[in-house]
Amino acid sequence: MPEKQIVLKNCQMINPRDINTYLARHDFKALAKAQVMEPDEIINEVKASGLRGRGGAGFPCGSKWEAARNTPGDEKYLVGNADEGEVGTFKDRYIIENDPFTFIEGITIAAYAIGAKQSYIYLRSEYHRLRNLLENAISQAKDKGFLKHVKIDIREGAGAYICGEETALMDSIEGKRGEPRYRPPFPTTKGLWGNPTVINNVETLMNIPNIILNGAQQFRQIGTERSKGTKVFSVSGDVAKPGVYELVLGSKLRELVIDLAGAETVKMVQIGGAMGRIVSSTMLDTSLSFETILGAGGVIVYNESRDTIDIVLRTMEFLNKESCGKCSPCREGTEAMVKILQKFAGGRGTPKDTGLLEELSSTMMLASLCGLGQAAPFPVIDSLQYFRHDYESRIK
Amino acid sequence: MTKIKTQTISPQNENILIRLKRVESQFGYIPEESITEVAQSLDLPVSEIYGVATFYSFLATKPLGRNVIWVCQNLPCHLKHAEITIDNLERTLGIKPGETTSDNKFSLELTNCIGACDYAPAMLINRDLHGNLTPNKISQILKLYK
């Protein structure tokens, strides 16, 4: 079976409002073990595990920690990124709803390893209702004496997709417009208020207690060569059982959308949300890993009755709306793509328009400032590759 | 007095966004005068404060109703007929997205993914989540708000 519960093992097993139910199973043992280790030992263990960021970019977690640890400075920050805004993604919501304690334990270990006395959970405003649950979990952990070395505060967004991007997120915590920063300098050297900062996705931090407790070698036993461990997916769209599933990395798309989520008559699958990739039904044997396709784990399934142009147009409208406007390739590119896609939607496309979409795509991928603009052309490129006839049939 | 102020206000705990949220929770939106006030007290240009106020979709620079309905319009909800939800709300409330009912009870807004795709079609009212929406359910839900 491709399903394996590592990140989600406590979900539905504990009461997320009562730390004692968590302690009965784990007792913050991973933090206790971490605190008798040297920070460098912890970082080496996380590096050895091969854990990569679960928010979509897949950056090696241990290397990120090491970079922040090695940057001189007394003031360092750890941020848990709970700004889950990618279309079709709701796994971090599910994690926080069901097991805020492993998340908090992960934060405490990460903060100890990099030398941060202050940490933040950046919670998207759409999840405001989870704030009380998180605050309750933090205060219970504090009362039990687990937060002596680090303070955890919640910072809430105010409705902006781009703030999931880590440099935009930092500007938002600083109270500014959440616009991406130029890199370098990277957050690990110059992050929040100019200090070394590590930003990790919720699910990344959920993996930390297990790695510390059971060791890197055990963590590495499952997965593929460059994708170790499991991944939590959220599946929605044309499926019988939408929801959250945890699979061993390298599992096949078919196992997720057909076997588990119960999809029938699949036309296409969008993996990784609006900035993700589109695959056709002939590609259901694609494996889900950093080497192939993954994103943050949002998977939207479309059945044969769905219209390709409608899907791509709606995706582009979303990206156009959420483009922060700082760089012109993204701001103008997404706008131009929406206009061209509208022509196809109305059956008024011209042969020149597909070429124009391709030309715009390469410019945006090359010249955009952040991941949004660089990835925005993916739905267009992929649909032109696998469903070109759907465009051609709309040429007047 | 000034000394105490500088000690308690750190950039970690006091910034434009935090200030604007406080203004919004006081007035229900961010009035122009408050933008000027925040600018003066933080010694920043008005344009910078205005830039932040208009950047975030959950900050309102015009008055809204007592309850704000945010209907998700993205693909997972669209596939589950979000347009029926939107149409139903428009007819029940007699307003279009971006408008407020004359009794000031509800504002209707369209929003991007609220991370409730497993409950599609879904909406937030203020910050409460309502999912698996049907016309019947919507009329029941609306009764919960005063």
Exercise. Let me know if Tyr120(A) has heavy atoms under 4.5 Å from chain B in its side chain, its backbone, both or neither.
Key: side chain
Exercise. Return the option, out of Glu84(A), Arg155(A), Lys241(A), Lys321(A), with the maximum number of heavy-atom pairs under 4.5 Å with chain B.
Key: Arg155(A)
Practice problem: Sort Tyr127(A) into side chain, backbone, both or neither according to what part of it lies under 4.5 angstrom from a heavy atom of chain B. | Solution: side chain
Quiz item: Hey, does the side chain of Arg177(A) reach the backbone of Val52(B) with a donor-acceptor pair shorter than 3.5 angstrom?
Solution: no
Practice problem: Under the side chain to side chain contact (heavy atoms under 4.5 Å, CB included) rule, what do Asn112(B) and Tyr161(A) come out as? Steps first, then yes or no, please. | Solution: CA-CA 8 Å; Asn112(B) 279 331; Tyr161(A) 169 76; over 6 Å; no
Self-check item: Student check: side-chain heavy atoms of Cys324(A) and Phe55(B) closer than 4.5 Å
Solution: yes
Exercise. Check each atom of Ser172(A) against the heavy atoms of chain B and say whether the ones under 4.5 Å are side chain, backbone, both or neither.
Key: both
Self-check item: Tyr29(B) atom OH, neighbour heavy-atom count above 12 within 6.0 Å
Solution: yes
Exercise. Could you walk me through whether Tyr56(B) and Ser125(A) pass the side chain to side chain donor-acceptor pair (under 3.5 Å) test, one step at a time?
Key: CA-CA 10 Å; Tyr56(B) 295 95; Ser125(A) 198; over 6 Å; no
Exercise. Just give me the residue among Glu322(A), Arg306(A), Glu317(A), Glu156(A) that pairs up with chain B most often, heavy atom to heavy atom, under 4.5 Å.
Key: Arg306(A)
Self-check item: Sole candidate of Ile300(A), Val301(A), Ile311(A), Val239(A) that passes side chain to side chain contact (heavy atoms under 4.5 Å, CB included) when paired with Leu79(B)
Solution: Ile300(A)
Practice problem: Output the option from Ile16(B), Ile49(B), Ile114(B) having the highest count of non-hydrogen pairs under 4.5 Å with chain A. | Solution: Ile114(B)
